[in-house]
**Student:** 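I'd like to ask you about the structure that follows.
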Amino acid sequence: MDKTVSIIGVPMDLGQGRRGVDMGPYAIRYANIKERIERLGRTVKDQGNINVPTAETETIENQKLKYLPEVARVSEDLAAKVGDVVRQGHFPIILGGDHSISIGSIAGVTQHIKKLGVIWFDAHGDMNTEETTPSGNIHGMPLATCIGVGNEQLVNIGGFAPKLRPQNVVIVGARSIDPEERELIKQHGITCYTMHEIDKLGIAKVMEEAIRIASDGTDGIHLSLDLDSIDPDMCPGVGTPVLGGVTYREGHLAMEMLFQSDKVVSCDLVEVNPILDEHNKTARTAVDLVCSLLGESVM
Ligand SMILES: NC(=[NH2+])NCCC[C@H](N)C(=O)O
Ligand SMILES: [Mn+2]
Ligand SMILES: [Mn+2]
């Protein structure tokens with residue numbers, strides 16, 4: 001893994017209901033993401049931010065798909081930008097923003113890496129559709145979108161669908177799944193390691209399996225890291241916190257195992273909300289974890 005790292009910010013908060021997550025990219029940059037990765041001997045290029053409209057200038061047209069036109073437009077722009085940097089041979093790190101941005105980031109990566117596996121590190125499943133959503137928030141739908149389930153416009157971002165085969169998708173850290181979302185996860189055959197499996201088998205075993213499933217027949221793994229996967233003690237600055245999460249140590253071991261697998265080609269860091277945070281703790285944890293993902297080790 002000696003590729004140039006490209007950082008792309010997406011100050012998006014329209015995919016969910018709490019203000020402040022649009023400042024995530026700034027908080028993660030303030031936690032020195034660039035300098036920390038450079039210290040690992042990597043070249044890092046910050047590509048700046050994708051333009052995102054502010055909630056004040058937009059109106060909600062569809063209560064089951066809030067800010068659909070805006071989210072779709074940003075997703076297309078992000079997909080183009082991510083496609084660009086992957087074409088240049090870079091490793092993209094996309095800074096959210098809420099989790100709806102993964103629709104665009106995965107659309108961008110799969111322009112070039114056709115067979116992509118995904119590890120979705122999250123307290124949630126993000127497998128809702130406009131039919132099953134309890135909130136109308138698109139950040140609860142990106143994983144369904146990427147396997148081709150849900151709203152047509154979102155599913156076809158980047159001009160093709162589906163982006164992922166469900167048999168190469170693994171959710172890790174789940175502990176809050178909506179009833180109909182649970183049915184969709186089962187119906188599509190997505191592997192879901194909840195906190196129950198992490199407690200019972202240990203994070204090492206879970207990650208070993210997750211990496212095997214995501215890399216089986218694929219040309220790379222995308223890590224979608226929702227910081228609400230980590231316990232709120234280390235990541236309090238998220239819009240939808242859930243008790244009983246992945247510990248700081250488990251998080252690091254998971255990232256170290258992903259590094260050792262040498263399969264990860266791209267990642268996004270999402271849901272960091274500095275307004276809800278404690279002295280930027282969540283952004284700092286995000287940077288610590290991404291450094292482990294890129295090879296930082298104690299010795
Ligand atoms: N990316 C996230 N934090 N997603 C939370 C989703 C919460 C809930 N399942 C919903 O659909 O609204
Ligand atoms: Mn999520
Ligand atoms: Mn989540």
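We count ligands from 1, going down the list as the structure has it; atoms in each ligand are counted the same way.
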**Student:** If you apply the rule salt bridge (charged side-chain N to carboxylate O under 4.0 Å, His left out), what do you find for D46 with R29, and how did you get there?
**Tutor:** CA-CA 10 Å; D46 194 326; R29 288 186 177 107; 2.7 Å; yes
**Student:** Which part of D228 is near ligand 1, with near meaning a heavy atom under 4.0 Å away: side chain, backbone, both or neither?
**Tutor:**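 It is the side chain that gets close, since no backbone atom is under 4.0 Å.
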**Student:** Under 6.0 Å from the NZ atom of K115, do we count more than 12 heavy atoms belonging to anything else shown?
**Tutor:**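 12 or below, so no.
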**Student:** Which bit of I177 is near ligand 1, meaning a heavy atom under 4.0 Å away: side chain, backbone, both or neither?
**Tutor:**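 The answer is neither.
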**Student:** Go through it in stages, so that I can follow the logic: the residues are R18 and L276, the test is side-chain contact (heavy atoms from CB on, under 4.5 Å), and I'd like the CA-CA distance, side-chain angles, deciding distance and then a yes or no.
**Tutor:** CA-CA 10 Å; R18 302 182 75 170; L276 305 172; 3.5 Å; yes
**Student:** Determine, stepwise, if the pair L184 / T129 fulfils side-chain contact (heavy atoms from CB on, under 4.5 Å).
**Tutor:** CA-CA 9 Å; L184 284 175; T129 67; 3.9 Å; yes
**Student:** What residue and heavy atom of the protein are closest to atom 8 (C) of ligand 1, and at what distance?
**Tutor:**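 For atom 8 (C) of ligand 1, the nearest protein heavy atom is D178 OD2, 3.6 Å.
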**Student:** To the nearest 0.5 Å, what is the distance between CD1 (I275) and CG (N273)?
**Tutor:** 6.0 Å
**Student:** Once you restrict to heavy atoms under 4.0 Å, what part of E271 touches ligand 1? Side chain, backbone, both or neither.
**Tutor:** side chain
**Student:** To which of S229, P142, S224, S135 does the heavy atom nearest atom 10 (C) of ligand 1 belong?
**Tutor:**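 Closest candidate by heavy-atom distance is S135.
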**Student:** For a distance under 2.8 Å, tell me if E271 has an N/O/S atom near the Mn ion (ligand 2).
**Tutor:** no
**Student:** Provide the number and element of each atom of ligand 1 under 4.0 Å from a heavy atom of G140.
**Tutor:**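 Reading through ligand 1 atom by atom, the close ones are 6 (C), 11 (O).
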**Student:** Between the Mn ion (ligand 2) and D226, which N, O or S atom of the residue is the nearest one?
**Tutor:**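 D226's closest N, O or S atom to the Mn ion (ligand 2) is named OD2.
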**Student:** Could you check which N/O/S atom of D122 is closest to the Mn ion (ligand 2)?
**Tutor:**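 Distance check against the Mn ion (ligand 2) picks out OD2 in D122.
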**Student:** List the steps, then state whether salt bridge (charged side-chain N to carboxylate O under 4.0 Å, His left out) holds for E131 with K64.
**Tutor:** CA-CA 8 Å; E131 276 90 39; K64 287 283 170 194; over 6 Å; no
**Student:** Would you call R73 and E70 a salt bridge, using N to O less than 4.0 angstrom?
**Tutor:** no
**Student:** Can Q47 and S6 be counted as having a side-chain donor-acceptor contact under 3.5 angstrom?
**Tutor:** yes
**Student:** Is it true that some N/O/S atom of H124, main chain or side chain, lies under 2.8 Å from the Mn ion (ligand 3)?
**Tutor:**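 So H124 counts as coordinating the Mn ion (ligand 3), yes.
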**Student:** Is there an N/O/S atom in D126 that lies less than 2.8 Å from the Mn ion (ligand 3)?
**Tutor:**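 For D126, the answer is no, given that no N, O or S atom comes within less than 2.8 Å of the Mn ion (ligand 3).
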**Student:** Of all the non-hydrogen atoms in the protein, which one sits nearest to atom 11 (O) of ligand 1, and at what distance?
**Tutor:** N128 ND2, 2.9 Å
**Student:** Just checking, is any N or O donor in the side chain of H252 or D288 under 3.5 Å from an acceptor N or O on the other one?
**Tutor:**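 There is no such pair between these side chains.
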**Student:** Are any of the N or O atoms of T133 closer than 3.5 Å to those of ligand 1?
**Tutor:** no
**Student:** Kindly compute the distance separating CD1 (I138) from CG (D126), expressed to the nearest 0.5 Å.
**Tutor:** 12.0 Å
**Student:** Hey, what do you get for CG (L65) to CG (L154), rounding to the nearest 0.5 Å?
**Tutor:** 6.5 Å
**Student:** Provide the number and element of each atom of ligand 1 under 4.0 Å from a heavy atom of D226.
**Tutor:**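 Contacts of ligand 1 toward D226, numbered from 1: 1 (N), 2 (C), 3 (N).
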**Student:** Within a distance under 4.0 Å of any heavy atom of H99, pick out the atoms of ligand 1 and give their elements.
**Tutor:** 1 (N)
**Student:** Polar contacts were defined as any N/O atom of the residue lying under 3.5 Å from an N/O atom of the ligand; does this apply to D126 and ligand 1?
**Tutor:**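 Yes, D126 has an N/O under 3.5 Å of an N/O on ligand 1.
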**Student:** How does H124 reach ligand 1, if at all, at less than 4.0 Å between non-hydrogen atoms: by side chain, backbone, both, or neither?
**Tutor:**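 Near ligand 1, H124 shows its side chain, while the N, CA, C and O stay back.
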**Student:** Which one holds for D98 and ligand 1: side chain close, backbone close, both close, or neither close, with close meaning a heavy atom under 4.0 Å?
**Tutor:**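 D98 to ligand 1: no contact under 4.0 Å from either part.
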**Student:** With respect to the Mn ion (ligand 2), what is the nearest N, O or S atom of H99?
**Tutor:** ND1
**Student:** If you count the atoms of ligand 1 from 1 in the order shown, which ones are under 4.0 Å from a heavy atom of P134?
**Tutor:** 11 (O)
**Student:** So, the side chain of T57 versus the backbone of T54: is there a donor-acceptor pair under 3.5 Å, distance only?
**Tutor:** yes
**Student:** Taking the six-membered ring for Trp, is the centroid-to-centroid distance between W120 and H222 below 6.0 Å?
**Tutor:**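 Not under 6.0 Å, so no.
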**Student:** Does any N/O atom on N137 come nearer than 3.5 Å to any N/O atom on ligand 1?
**Tutor:**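 N/O-N/O distance under 3.5 Å: no.
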